[in-house]
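Data first, discussion second: the structure below is written as structure tokens.
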Amino acid sequence: MGTQFTNEAISSLSADWLVIGLIESAPLPEAIAKLDETLAGLITRLMENEDFTGKQATTSSLLGLTEISTPRILLVGLGPKADASLSSLEKAMMTAARTISTKQNRRIAVQLPELGETSVTASEAARVISTSMVVGSIGQDLYREESARHPFQDILIVGTNSADQSTCEQAVDQGLILGESINLAREMVNRHAGDIFPISFADRTVEIAKTYGLESEVLDENQLKQEKMGSMLAVAQGSDQPPRLAILKHEGGDPSAPTLALVGKGVTFDSGGLSLKPSDGMKTMKCDMGGAAAVLGAMTAIARLKLPVNVVGYMGLVENMVNGSSYKLGDVLTARNGKTIEVLNTDAEGRLVLADVLTLAVDRGAAKIIDLATLTGACVVALGEEVTGLFSNDAHWSKAVQDAAKTSGEDVWEMPMFPQFAEQLKSDVADLKNIGTRWGGAITAAKFLENFVGETTWVHLDIAGPAFASANQPCREGGGTGCMVKTLVEVANQFK
């Protein structure tokens, strides 16, 4: 798959489809008005008859065109100018990509929309379009004999005279890398647990490290024991699949510069352990390694973009299964930092994995940490399926991550971390329990993790909602979404 930026006139382009995004209730931009003249006013008539309105992510197809070199045009609505944002543009362009990728169309041209005086720059729009075309044309049908979606081979983004050629070319290249990295995270989530288990996930990180110049390290169960990671090991002991901790290092900054740590929960399948999930709750649990997948995707993009920063990605990989060796309710575990944990629910396992991995990241000198996890259903209840919950021990770091998410077009919402939530985790027999009451469950999970970062600046992202889409939508494929990959890359890009 390749992407390219050009200022060539759209009427002379040769492609399978030309995608044109239009603002609702706005005059046609100059380039589109000229095209409309060539088409004898066809676009104008569609709008006058309200067959196309420009409303957000609506589409209309013009087929069998002979007046221009491209036989098909897809009009896609960008919504009102006042609502223009990276998120709204992405939704429109993802809808367009999904609309035309159901059949094999090798070459796609997309007109860079003229958004005028909005918060979206031409280069940002070019990047979003590039990413959307790469992601939107790839489906989750890894195991189907006939693919339901067909990736584009060539993506041509067509600018205007007002768009800076070199800046937009760079943005398009960045968008391609982001899109492919998101697709990597999606693929890891979409593969079933017979394909993706701790060892196979770790092996994939080693392959990627060799391909993109990252340094890799994988700790096996014996090394995890030596590191005293008793909390993580307890979760893994009910599975025939041994645990792994995969670590990727990108040393793009000065050796004396601070290190950003990205920590991902990698429960490659979660049965709930002895606190067994019902079938409906278990069906999508191949996605419980979405945090680790996001870290893998982000580290790949960071390396390919050659960002001048030091970043280490930690992926704690286990299966939470049931056998005679399973950890039990009432067990008291000793985490890597020496804290003891009373287990009252074996389905609250992700925090037990993260506890040890966070401590290792701290001990290895991380200046700042972001962890990601499909951690709690409570966060989905609070924020729905499309918003990530953000929890932090530092207001400035929280804002930096929120700003990066906004720049990336991903929705996050900060949740409170009041001290009283920690009261729910007090245990009569250990330093803390692994669950609180049913109230504020996403917050008590974050308060649990806070015990393992010490004084290190830290953000926890609960991606239980947006990491996995239960069904297809016009703007989004079902399955793994690759959420937060863009945000992590933007955080790294701004990290000092």
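Ile196 places none of its side-chain heavy atoms less than 4.5 Å from the side chain of Lys286. Considering only heavy atoms from C-beta on, Asp173 stays 4.5 Å or farther from Phe5 through its side chain.
For residues 293-309, every residue pair satisfying the side chain to side chain donor-acceptor pair (under 3.5 Å) rule, not counting sequence neighbours, is listed here: Glu180-Arg304. Applying the salt bridge (Lys or Arg N to Asp or Glu O under 4.0 Å) rule to pairs touching residues 373-384 yields nothing, sequence neighbours excluded. Applying the side chain to side chain donor-acceptor pair (under 3.5 Å) test to residues at least two apart or on different chains, the pairs with a partner in residues 438-450 are Lys447-Glu450. Note on residues 333-392: pairs passing ring-ring contact (aromatic ring centres under 6.0 Å, His included), not counting sequence neighbours, are Phe391-His460.
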>> side chain to side chain contact (heavy atoms under 4.5 Å, CB included), that's the test. Do Val343 and Tyr327 meet it? Break it down for me.
In response: CA-CA 9 Å; Val343 176; Tyr327 76 123; 3.7 Å; yes
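Using modelled atom types, one finds a donor on one side chain and an acceptor on the other under 3.5 Å when comparing Asp431 with Thr340. Residues Thr211 and Glu207 have side chains that never bring a donor and an acceptor to within less than 3.5 angstrom of each other.
Between Glu477 and Arg149, at least one side-chain nitrogen of the basic residue sits less than 4.0 Å from a carboxylate oxygen of the acidic one, meeting the salt-bridge criterion. Ionic pairing of Lys265 and Glu349 is present here: one or more N-O contacts between side-chain nitrogen and carboxylate oxygen are shorter than 4.0 angstrom. Using a 4.0 Å cut-off between charged side-chain N and carboxylate O, Lys277 and Asp270 make a salt bridge.
Remark: Ala261 pairs with Tyr314, Ala361, Ala366, Ile369 by the side-chain contact (heavy atoms from CB on, under 4.5 Å) rule, at least two apart or across chains. Listed by chain and residue number, Phe452 satisfy the ring pair (Phe, Tyr, Trp, His ring centres under 6.0 Å) test with Phe448 (two or more places apart in sequence, or in another chain). With sequence neighbours left out, the side-chain hydrogen bond (donor to acceptor under 3.5 Å, both in side chains) criterion links Arg351 to no other residue. Remark: Glu490 engages Ala404, Thr407, Ser408, Asn493, Gln494 in a side-chain contact (heavy atoms from CB on, under 4.5 Å) (not counting sequence neighbours). Taking the side-chain hydrogen bond (donor to acceptor under 3.5 Å, both in side chains) definition, one finds that Ser239 meets it with Glu319, sequence neighbours left out. When the side-chain hydrogen bond (donor to acceptor under 3.5 Å, both in side chains) test is applied to Arg127, no partner is found at least two apart in sequence or on another chain.
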Show me the donor-acceptor pairs, under 3.5 Å and distance only, between side chains in residues 240-253 and residues at least two apart or in other chains.
{"from": "Arg244", "atom 1": "NH1", "to": "Glu221", "atom 2": "OE1", "distance (Å)": "2.6"}
{"from": "His250", "atom 1": "NE2", "to": "Leu307", "atom 2": "O", "distance (Å)": "2.7"}

Scan the side chains in residues 376-390 for donor-acceptor partners under 3.5 Å anywhere in the protein, sequence neighbours excluded, and list what turns up.
{"from": "Thr376", "atom 1": "OG1", "to": "Cys379", "atom 2": "N", "distance (Å)": "3.2"}
{"from": "Thr376", "atom 1": "OG1", "to": "Asp462", "atom 2": "OD2", "distance (Å)": "2.7"}

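Residues Leu375 and Ala445 come closest through the heavy atom pair CD2-CB, 3.7 Å.
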